[in-house]
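Lettering follows sequence order; numbering is per chain, from 1.
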There are 2 protein chains.
Amino acid sequence: MFSKTCEYAIRALIFIAQKTKDGDRIGIKEIAKGIDSPEHFIAKILQDLSKKGILQSAKGPTGGFYLDKASRKQSLASIVRAVDGDKIFQGCGLGLKQCSETKPCPIHHEFKKVRKDLLQILENAKVGALTDALENSMVFLKR
Amino acid sequence: MFSKTCEYAIRALIFIAQKTKDGDRIGIKEIAKGIDSPEHFIAKILQDLSKKGILQSAKGPTGGFYLDKASRKQSLASIVRAVDGDKIFQGCGLGLKQCSETKPCPIHHEFKKVRKDLLQILENAKVGALTDALENSMVFLKR
DNA sequence: GAAAATTATGTTTTCAAAGACTTGTGAATA
DNA sequence: TATTCACAAGTCTTTGAAAACATAATTTTC
């Protein structure tokens, strides 16, 4: 469904949100361990995302990644968009470039509903809110 | 959503279904043109699928690909399964191997619904039935 | 023998992952 | 207060593997 990159990004963001909600910062190594991902790979992903403002970072001693208040209100949808673009939300199911309402592919109309549902789920899932479920250990992030 | 391979496969199958519904056979070159796909690539895909019984083929002059009655009743879901496997229908949205009902990832329950809807759409879409819409030119297959 | 699929092999591109090196920053220290 | 040091993110380059696409030889069948 999502790219590997995107999967790691979502897991990392939720993890960071949980670990830094008291104003702390968290290093890349701990993140990689926490979500069980390749260290260098997740590092690059997070650097890209911090450039785009999806999360915040600080260099030097006591530095690390963290999420400010605004970032916590972000939805998973904005993370997915930043990483994978919005082809998941609007691209044709059969890969047809010109697929549209007037020139639909054979499954165009049915797919529309699924996409809409998916988008809504991701829009509703705010990064900050998901940390609560994590703390109550209702859900987990390691593979 | 699907792999390129899978997209080509679906388009090809629908195209073949339409072109061979009167008992004809259709060659690989015409298929490639008809769905605007790389010729050698779609050839390999169709050979795999014919081995698996998803469609039929005949060698020699007047040979080509075609669909028998049983194959026409197949759903798009079985094509997707043959090509991409069923990871789309059951894999975790965040790529977690151990994600389950008892140890769900943060979006597990929401995703379940989307997957279920997707599966139902693909199960309901029979290859043979989609050709009617094509003939009425309500839909098209070229990119 | 010619037309078709089939098989085998090779190339290119993209994605996932790893490594080495650079830059910035807070804190100790002299 | 200026210097230096260590720590942490940032950048650049490379490797590995899989997916996407191409070429050539082979087999089957009319």
> Quick one: A/E39 CD to C/dA17 P, roughly how many Å, whole number?
Replying inline: 14 Å

> Under 3.5 Å, is there a donor-acceptor pair between the side chain of B/Q74 and the main chain of B/I54?
Replying inline: yes

> So, is B/K4 close to the C/dT14 phosphate, meaning a side-chain N or O under 4.0 Å from OP1 or OP2?
Replying inline: no

>> To the nearest 0.5 Å, what is the distance between OG on A/S3 and OH on A/Y8?
In response: 10.5 Å

> How long is the span from the CD atom in B/Q98 to the NZ atom in B/K103, to the nearest 0.5 Å?
Replying inline: 6.5 Å

> Of all the nucleotides listed (C/dA16, C/dT23, D/dA20), which has the minimum atom distance to the side chain of A/T5?
Replying inline: C/dA16

> When you measure from the side chain of A/S50, which nucleotide among D/dG10, C/dA5, C/dA3 comes out closest?
Replying inline: D/dG10

> Reckon A/A43 touches a base, only the sugar-phosphate, or nothing at all at heavy-atom distances under 4.0 Å?
Replying inline: nothing

> Base, sugar-phosphate, or nothing for B/I31, non-hydrogen atoms under 4.0 angstrom?
Replying inline: nothing

> When the distance from CZ of A/F65 to C1' of C/dG24 is rounded to whole Å, what number comes out?
Replying inline: 14 Å

> Could you give the CG-to-C1' distance, from A/D48 to C/dA17, as a whole number of Å?
Replying inline: 14 Å

>> Does this structure show an ion pair linking A/R81 with A/E123, if we count only N-O contacts that are shorter than 4.0 Å?
In response: yes

> Whole-Å distance between C/dA2 C1' and B/K29 NZ?
Replying inline: 12 Å

> For A/P61 and A/S57, take the nucleotide of DNA chain D holding the closest heavy atom to each; which residue's nucleotide lies nearer the 5' end?
Replying inline: A/P61

> Counting any heavy atom closer than 4.0 Å, what does B/L46 reach on the DNA or RNA strands: base, sugar-phosphate only, or nothing?
Replying inline: nothing

> Of the nucleotides D/dT23, C/dT6, C/dA18, which one has an atom closest to the side chain of B/H40?
Replying inline: D/dT23

> Nearest to the side chain of B/Q47 - C/dA5, D/dC30, C/dG24?
Replying inline: C/dA5

>> Is it the case that C/dT6 (base atoms only) and B/K44 (side chain only) share a donor and an acceptor within less than 3.5 Å, ignoring hydrogens and angles?
In response: no

>> In whole Å, I'd like the distance from the CD1 atom of B/I16 to the P atom of C/dA4.
In response: 15 Å

> Can a salt bridge be assigned to the pair B/E110 and B/R115 using a cut-off of 4.0 Å between side-chain N and carboxylate O?
Replying inline: no

> Counting only side-chain N and O atoms of B/Y8, is one of them less than 4.0 Å from OP1 or OP2 of D/dA20?
Replying inline: no

> Which nucleotide in the list C/dA18, C/dG26, D/dC21 gets nearest to the side chain of B/F41?
Replying inline: D/dC21

>> By nearest atom, which of the nucleotides D/dG10, C/dT7, D/dC21 is closest to the B/K51 side chain?
In response: C/dT7

>> What is the distance, to the nearest angstrom, from the CD1 atom on B/I28 to the P atom on D/dA22?
In response: 13 Å

> What is the distance, rounded to the nearest whole Å, between atom CZ of B/R25 and atom P of C/dA3?
Replying inline: 17 Å

> Would you call B/K113 and A/D117 a salt bridge, using N to O less than 4.0 angstrom?
Replying inline: yes

> Atom CD1 of B/I45 and atom C1' of D/dA20: how far apart are they, to the nearest Å?
Replying inline: 9 Å

